[in-house]
Amino acid sequence: MHWPVHAFIGKGMSEMKRIRMLIGGDWIGGDGDEWLPVVNPSDGTQIAEIVNGTAEHVDAAVRAASEAFESPEWKAWKPHERGNLLIDLARHIREHAEEWAELECRDVGKPMSQARADAEAAARYFEFYGGAADKVMGDTIPIEDGLLNATVLEPMGVTAHIIPWNYPLQIIARSVGAALATGNAIVVKSAEDTPMTAHALAEWFAESPLPKGIYNHVTGLGSGAGAALSAHPGINQITFTGSVPTGISVMKSAAENVVPVTLELGGKSPNIVFADADEEKTLDGVVRAIIQNAGQTCSAGSRLLVQEDYKEEFLSKLKARFGELQVGRGVDDKDIGPILNKRQFDRIMERIEEAKAQGKLISGGHPVKVEGGEGGHYIAPTIIDGLDHDCPAAQEEIFGPVLSVFTFSDAEDAIRLANDTEYGLVAGVWTKDVDVAHTVASRVKAGQVFINNYGAGGGIQMPFGGYKKSGIGREKGFIALRNYVQVKNIAVKFGI
Ligand code: NAD
């Protein structure tokens, strides 16, 4: 089954576009609404504008989703039909991969090759959850003769998806894929800074045979549309991806309505390098882990823990690698793109200045001018050594291309340091010693541990989520389907 080429994706993106919200199958947004500019972080030019969605808009979206969820039309959709729809979307993304990537590149500022990887990851999410749609099954439970006992996995109802600005396309795909596969009705609230691919997805769903109201997209500020969505009593489940303070506030709102949350929050992830590590692979891994998306990545490897007698040698090679990295606009496809906006840039520079005052700058630590990117904000990849582990640069998510370096004596010391933050999202362990690798992996409090790699290519089948303040629940993989179903137990007494 194929639908016409996507109106926006197929049309080119040169003109500025008013992004309307998709509510109950209608495009909502007019002159009576407040409009917010959307800016290309690479050069500061305005590329579109979005409606600053209000509580009334959110209410309309939730009501539309609720009605659509209860409709006989949606109930008639079989699981494999939902799956096929998602697989068609995956195909669409692949067929127009370059356009999806360009849109993400312009919206987020990330280098084109990273945006291409995001488009492929989004296709993989829709494909994976499309394939899973008719394989989500309950159990039969032995009780006694004459009693058939079974669990049925039913959709939650209306699920809310609150999206951050750093990987919008991928992050929408990972939770919406799982929620649609399991038969829910969706309300997406995209990030106010990066709504473009979210809108392109809404356009695709609007043109698809999906019943009106099953897929809704609201835009606007977190304090308005975001807060209204997380507090709405018509929502049955919330997946929030973003910062810890916002996650806490979303969870408080959800508690008022006794609604489950999946929280994907921040990180301060360590790369733990032992003296016997394969040097080249480790250098590659450590560099990539901190520069991807200019360090604006929840799972960035922002702390380097290196064994003390190896530190000098490793750090000098790492410094040389950092010196080769190039900074440029998203379209230039260099190693590091721009920082999202001036506010984020100022925050990062403030942290760098504090760290410079407390420790020793090894590399970078300054803004960079980029030709053609004069309206954007760029920071040189930065390494800072000699900090105490309780200082902000060791403890807080900087969300920029900034690596803080610490040393450890042995595995015990490495584990202590690795666990010494309030986060627990990801950890990398680099050693040839299998005993050490497994011991560290088993004792590090992180949702994902990578041994002699960092990210495993981003495999969408691997459960992902945080220990401690990095979050609650898991996304990605088969396990995430559980976020979007209720368990109903049915007991049938029989006998003649
Ligand atoms: P943020 O918390 O500022 O915003 C995230 C989303 O929440 C946005 O859509 C925003 O509009 C909305 N929001 C803001 N205030 C709200 C409120 N009071 N109620 C409801 N919604 C509200 O985060 P951000 O700056 O967009 O993203 C960066 C953060 O996201 C970082 O901490 C990063 O580590 C985290 N992140 C985590 C993952 C993960 O999977 N663990 C992935 C990407 C980003």
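Just so you know, ligand 1 is whichever comes first in the structure, and atom 1 is the first atom listed for that ligand. Values reported hereafter were calculated over all heavy atoms of this structure, with side chains retained and with hydrogens, waters and symmetry mates removed.
By heavy-atom distance, the residue among V426, N293, L265 lying nearest atom 37 (C) of ligand 1 is L265. The heavy atom nearest to atom 8 (C) of ligand 1, out of those in T246, T219, I163, I248, is found in I163. Selection from Y423, F399, F240 by nearest heavy atom to atom 28 (C) of ligand 1 gives F399.
Within a 4.0 Å radius of atom 11 (O) of ligand 1, the protein contributes at least one heavy atom.
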Audit row: Q114, Y167, side-chain hydrogen bond (donor to acceptor under 3.5 Å, both in side chains) steps and yes/no: CA-CA 10 Å; Q114 294 179 27; Y167 289 79; 5.4 Å; no
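Residue contacts with ligand 1, taken as heavy atom pairs separated by less than 4.0 Å, involve S243 via backbone and side-chain atoms alike. Neither the backbone nor the side chain of Q296 has a heavy atom within less than 4.0 Å of ligand 1. Only the side chain of R174 comes within 4.0 Å of ligand 1, judged by heavy-atom distances. At a heavy-atom cutoff of 4.0 Å, ligand 1 is contacted by no atom of D193, backbone or side chain. When non-hydrogen atoms are compared, ligand 1 lies under 4.0 Å from neither the backbone nor the side chain of T297. If you look at F464 next to ligand 1, the close heavy atoms, those under 4.0 Å, all belong to the side chain. The parts of T241 lying near ligand 1 are both backbone and side chain, judged by heavy-atom distances below 4.0 Å. Counting heavy atoms under 4.0 Å from ligand 1, residue S299 does not touch it at all. Of all the heavy atoms of S230, the ones lying under 4.0 Å from any atom of ligand 1 belong exclusively to the side chain. Neither the backbone nor the side chain of E475 comes within 4.0 Å of ligand 1, counting heavy atoms alone.
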For residues 444-456, which side-chain N or O atoms pair as donor and acceptor with protein atoms under 3.5 Å away, sequence neighbours left out?
unit_1, atom_1, unit_2, atom_2, d
Q448, NE2, P463, O, 3.1
N452, OD1, T431, N, 3.1
N452, ND2, T431, O, 2.9
N453, OD1, A456, N, 2.9
N453, ND2, I451, O, 3.1
Y454, OH, S299, O, 2.7
Y454, OH, G301, N, 3.4

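The side-chain heavy atoms of V51 and H57, taken from C-beta on, include a pair separated by under 4.5 Å. Between L229 and I235 there is a side-chain heavy-atom pair separated by less than 4.5 Å.
Salt-bridge formation is not detected for the pair R20/D26: no Lys NZ or Arg NE/NH1/NH2 atom is positioned less than 4.0 Å from an Asp or Glu carboxylate oxygen. For the pair E396 and R351, the salt-bridge criterion is met [side-chain N within less than 4.0 Å of a carboxylate O]. Between R63 and D59 a salt bridge is recorded (basic side-chain N to carboxylate O distance below 4.0 Å).
A distance below 6.0 Å separates the ring centres of W27 and H199.
Side-chain atoms of Q326 and D335 include no donor-acceptor pair closer than 3.5 Å.
Between S470 and ligand 1, not a single N/O pair is under 3.5 Å apart. Geometrically, ligand 1 and L221 share no nitrogen or oxygen pair separated by less than 3.5 Å.
At least one heavy atom of W165 sits less than 4.0 Å from an atom of ligand 1. Residue contact annotation: S190 has a non-hydrogen atom under 4.0 Å from ligand 1.
A donor-acceptor pair is defined here as one N or O able to donate and one able to accept, closer than 3.5 Å; no such pair exists between the side chain of D388 and the backbone of D390.
With respect to atom 32 (O) of ligand 1, the closest heavy atom belonging to the protein is E397 OE1, 2.7 Å. The protein non-hydrogen atom at the shortest distance from atom 44 (C) of ligand 1 is N166 ND2, 3.3 Å.
For the pairing with I238, the side chain to side chain contact (heavy atoms under 4.5 Å, CB included) check across P260, S230, S253 returns one residue only, S230.
Those atoms of ligand 1 that come under 4.0 Å of a heavy atom in I171, given as number and element, are 42 (C), 43 (C). Atoms of ligand 1 found under 4.0 Å from any heavy atom of I162 (numbered from 1 in listed order, with element): 6 (C), 7 (O), 9 (O), 12 (C), 21 (N).
In this pair, W204 and H92 present their aromatic rings tilted. The plane angle is within the 30 to 60° band. Between H389 and F406, the ring planes are perpendicular. Angles over 60° get that label, and only those under 30° would be called parallel.
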